[in-house]
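Here is the structure we will look at.
Chain naming here is simple, since letters A, B, ... match the order of the sequence lines and numbering starts at 1 in each.
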Amino acid sequence: MSDVIIGTGKGTAVGAPQPDPNTPRVNYLNVSHTLSSWLLTKDHKRIAMLYLFSISIFFAVGGAAAGMVRAELMFPRGSLLQSEGYNRMFTAHGVIMIFFFLLVAIPAVFGNFLIPLMIGARDLAFPRLNLLSWYLYMIAGTLGVTAMLFGGVDVGWTFYTPLSSMYSNGQVTIAILAAFLAGFSSIATAVNFIATIHKMRAPGMTWDKLPLYVWGHYATSVIIILGTPVVAMTLLLVVLERTFGIGFFSPELGGDPVLFQHMFWFYSHPAVYIMILPGFSVISEIIACFSRKKIFGYHFVAYSSMAIAGLGFLVWGHHMYVSSQSMYQGTVFSLLSFLVAIPSAVKVFNWCATMYKGSVWLASPMIYAISFLGLFVIGGLTGMYLAAMATDVHLTATYFIVAHFHYVMVGGTVTAFMGALHFWWPKMTGKMYPENIARYNALIVFIGFNLTFLPQFVAGYLGMPRRYHYYPAEYQPWMILSTTGSTVLGFGMIVPVFYLLWSLKKGKDAGPNPWGAKGLEWETESPPDPHNFHHIPVVTAPVYDYDAEAEERELQGEN
Amino acid sequence: MGNSWLTFQPEKASSFAGQVDALFYVITALTIFFTAAVGITILILVNKYKRGKKADRSNPVHDHQLIEAIWTFTPLVMALAIFVWSTNMYIHMRTMPKHSYEAYVIGKQWMWHIQHPNGIRENNELTVPAGQPVKLTMISQDVIHAFYVPAFRSQYHVVPGRYTSMWFTPTKPGSYHIFCNMLCGTQHSEMVGKVNVLSPKDFAAWLDKSGNRFTETPKTLAQAGEQLFNDMRCGTCHGVENTERGPSLHNLLGSTRVFTNGATQVADEDYLRESMIDPFARITKGYSNTMPVYVYKKQINEEQIRNIIEYIKSLGTTKPASSQPAPAGLR
């Protein structure tokens, strides 16, 4: 361990005052215990913990809604819910999971916590804005969940007009305002990240030395800032049409319903990359650490994120091959959709190659990272069926597409989120969780996930439409398999709640760097001090400065 | 099929089905191959370079331009091949055939209403002949629906405010699902029906026999349109010749219209429909805004609009000046 990133020290923070060993060290968690110290905090780490807490609750609500949907689909004519209730349930699942979990989870929790630590800063550029973004998120989330669970919204998370603007009786307006506010929260976070990454890097932390994690969040922030205002405007237009009868999308009022789809997908396709790029960036960190190798093709991985951010804005029409868009437009969108898949493929190959001549440690975060690779490959490749217009005509809006985006969003983003949670939990809390339980649980999640969503590919190919409450009996076997899998998956999602909470009380102390990882965040204490670093570090070592060979020599020499 | 407990393959009942399935299986083969390749590579690497296991870890590689180029361009070439194959097929699927049996579909919450040219109507059932291209011209009366027949591998949105079309050639007599595949409100999942594909002989018999359902002699769509046209006194202004008050509707379809603002357009069905429900949107040069507005859904519905269009069609059509008819997908 001769290579250190900070010029003068390692493991423990440089120049830390050495207080009485009997009094616990002051860290960001124990610095104050009052409620107001949490609710008015401007510390990026505390805000990250606020987000972790609130996001977990929304995830649980969205998961419960999914559970209801899956239970209902066990039978061709399920009887737990009426059709209206069923439509509300899958809408609640989609809206909560997308707007209040997937779009927010990794950036707001781990981005907030780690970006300043990784670049050697004391906080984000705009701490008050950061706190404001959490409040906006909480108002949005509370409003959205209340509207959906107590009033009911039955138009799907896509809010297609004129159903949403003219025909639906639910609380569409409130749900839309909630999504609108959540968008502002995202924009505030993204502005903060971009300013921080540009202006607050420690001396010596050049763009070439940025962890890929930071690169990924940078690309994500760019998409958020460019895309979110468009969907915000679009949703407001729906509210104007719905509330005041000003015609934009309804043909009865002289509008064009397909215009909504163009405007909606102009944001909502890039939004897929807002959800997955932070996942990519987590995987880069985990694979580098647990392979003890610099990520293979660092620059390709970094720039492919930027390529995805750019190309991602030009493929929205692939959601509209059967929606009366001209076939020549469709052709252009199809070509670009095939192109945007390439940078993602390049990333996967680079991650695999990183393990070559590495020292692969199958700790729980690495198991999540490997299952991410497997699931994301399936998610990405099944995208080909849908980028190709001829097969998309048959498969669009069936269970095939449901399976495809769950492979990307759950197999990708949620798996990455779980990986991040297990990787940085010791840093965030200072405690270790029971590693063996975590590893087996990661396998349970992997198996449960595949059992849930593989059958849906078949059901979709057989022609089963999504968003169907009642369905022909011939699809039932696949629905039963899927519901069985979702039970396993749900179990795998609940177990970590218990062992992570247990670790807070009973877990072993993690120490500053339990994984032997490189990166400035591991040069701080666990949990970090309120101001992260005693002295702003000076970065001299290259990024991911691992040496698998030397480490193995040391390891095998010991035995 | 259909009898076994687990089915892996949807029924094939149109000329598209085999083509789409071939592409589907090739992409499936690629998906399985690459998933397996990545999976096996990971397993080999994890096993070989497991922490604490002796292995050659000297001279690790962190960058390799050639390898990056290979794994960028290999999937690119593969993707482009799929793109070309699929796009050709899609353009074929979206180019309406010159000669086909035509039926008209109206989607509304939550049913399918079908009109046949000879006046037969069906609800949630569409009866078509096998072995002949069938073209559907579709419109919605309320929200967006999607007309989806999995056994035909064919689907298209049914949109309010504009006509969309799709076609297929059924190959196998039988009865197949119609699903509405665009969330359309509470009873979305009950907006289902059946396509009944009959042999040409049975279909001819069906066309005759189904007339018996009506107490009076069934009118063709055009005849029904003519009656409506007379009942609503459209002929007062729209006669055989242009009058001061309104242009003639004879040979209107396909002719190039010049509007008061100088813009021009070839009159298609969407234009005729707009002129009925919103006549002042574009006024033909030489006329003023005198026509009563048959406000959408209030005075005439989509079914009646269809009848009048068929009547106007029967008054003769003009071949568009450009000899190449625009493909139906180009709008």
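Neither the backbone nor the side chain of Ile32(B) has a heavy atom closer than 4.5 Å to any heavy atom of chain A. Interface remark: Ile295(A) contributes backbone atoms only to the contact with chain B (heavy atom separation under 4.5 Å). With a threshold of 4.5 angstrom between heavy atoms, Gln155(B) approaches chain A through its backbone and through its side chain. Heavy atoms closer than 4.5 Å to chain B are found nowhere in Pro343(A), neither backbone nor side chain. With a 4.5 Å cut-off on non-hydrogen atoms, Phe8(B) touches chain A through its backbone and its side chain both. Only the side chain of Tyr160(A) comes within less than 4.5 Å of a heavy atom in chain B; its backbone stays farther off. At a 4.5 Å heavy-atom cutoff, the contact between Phe400(A) and chain B is made by side-chain atoms alone. The contact between Leu462(A) and chain B is made by backbone and side chain atoms together, counting heavy-atom distances below 4.5 Å. Using a 4.5 Å cut-off between heavy atoms, Asn169(A) does not touch chain B at all. Of the atoms belonging to Met78(B), it is side-chain heavy atoms, and not backbone ones, that fall under 4.5 Å from chain A. Both the backbone and the side chain of Lys54(B) come within contact range of chain A, with heavy atoms under 4.5 Å apart. The contact between Val159(B) and chain A is made entirely by side chain atoms (from C-beta outward), counting heavy-atom distances below 4.5 Å. For a residue to count as touching a neighbouring chain, one of its non-hydrogen atoms must lie under 4.5 Å from one of that chain's; by this rule Val84(B) does not touch chain A. Neither the backbone nor the side chain of Asn47(B) has a heavy atom closer than 4.5 Å to any heavy atom of chain A. Looking at Cys180(B), the atoms closer than 4.5 Å to chain A (heavy atoms on both sides) sit in the backbone and in the side chain alike. Neither the backbone nor the side chain of Phe249(A) comes within contact range of chain B; no heavy atoms are under 4.5 Å apart. With a 4.5 Å cut-off on non-hydrogen atoms, Ser168(A) does not touch chain B at all. Neither the backbone nor the side chain of Thr354(A) has a heavy atom closer than 4.5 Å to any heavy atom of chain B. Interface residue Gln109(B): only side-chain heavy atoms are found under 4.5 Å from chain A. The part of Ser154(B) that comes within reach of chain A is its backbone (N, CA, C, O), which places non-hydrogen atoms under 4.5 angstrom from that chain. If you measure heavy-atom distances from Arg292(A) to chain B, the contacts under 4.5 Å come from the side chain alone.
Between chain B and the residues Gly380(A), Ala388(A), Gly85(A), Gly330(A), the largest count of heavy-atom pairs under 4.5 Å involves Ala388(A). Between chain B and the options Gly358(A), Ser304(A), Ser334(A), the largest number of non-hydrogen pairs under 4.5 Å is found for Gly358(A). No other option in Asn87(A), Thr331(A), Ile378(A), Leu335(A) has as many heavy-atom pairs under 4.5 Å with chain B as Leu335(A). Listed options Phe300(A), Phe338(A), Phe296(A), Tyr461(A) were ranked by heavy-atom pairs under 4.5 angstrom with chain B; first place goes to Tyr461(A). Considering only heavy-atom pairs separated by less than 4.5 Å from chain B, the leading option among Leu163(A), Thr398(A), Val377(A) is Leu163(A). With chain B as partner, the option from His469(A), Lys294(A), Glu84(A) having the largest number of non-hydrogen pairs under 4.5 angstrom is Lys294(A).
Under the 3.5 Å distance criterion, the side-chain polar atoms of Ser14(B) are left unmatched by any main-chain donor or acceptor of Thr169(B). Here the side chain of Asp392(A) pairs no donor or acceptor atom with the backbone of His319(A) at under 3.5 angstrom. The closest donor-acceptor contact from the side chain of Asn350(A) to the backbone of Val346(A) lies under 3.5 Å. Here the side chain of Asp270(B) pairs a donor or acceptor atom with the backbone of Tyr163(B) at under 3.5 angstrom.
If you check the side chains of Ser359(A) and Glu551(A), you find no donor sitting under 3.5 Å from an acceptor.
Screening Arg273(B), Arg162(B), Lys108(B) for a salt bridge (charged side-chain N to carboxylate O under 4.0 Å, His left out) involving Glu302(B) leaves a single residue, Arg273(B).
Between Tyr399(A) and Tyr475(A), the ring center distance fails the sub-6.0 Å criterion. The aromatic ring centroids of Tyr356(A) and Tyr49(B) lie less than 6.0 Å from each other. Here Tyr90(B) and Trp85(B) keep their ring centres 6.0 angstrom or further from each other. Remark: aromatic rings of His64(B) and Trp71(B) are distant, center separation not under 6.0 Å. For Phe457(A) and Tyr407(A), the ring centers sit closer than 6.0 Å to each other. Trp167(B) and Phe16(B) have their aromatic ring centers within a separation under 6.0 angstrom. For His62(B) and Tyr298(A), the gap between ring centers reaches or exceeds 6.0 Å.
Gly156(A) and Arg467(A) make their closest contact through CA-NH2, 3.9 Å (heavy atoms, listed as atom of the first residue, atom of the second, distance).
Remark: Met182(B) CE to Arg466(A) CZ distance equals 8.5 Å, nearest 0.5 Å.
Within 6.0 Å of NZ in Lys172(B) there are more than 12 heavy atoms belonging to other residues, nucleotides or ligands.
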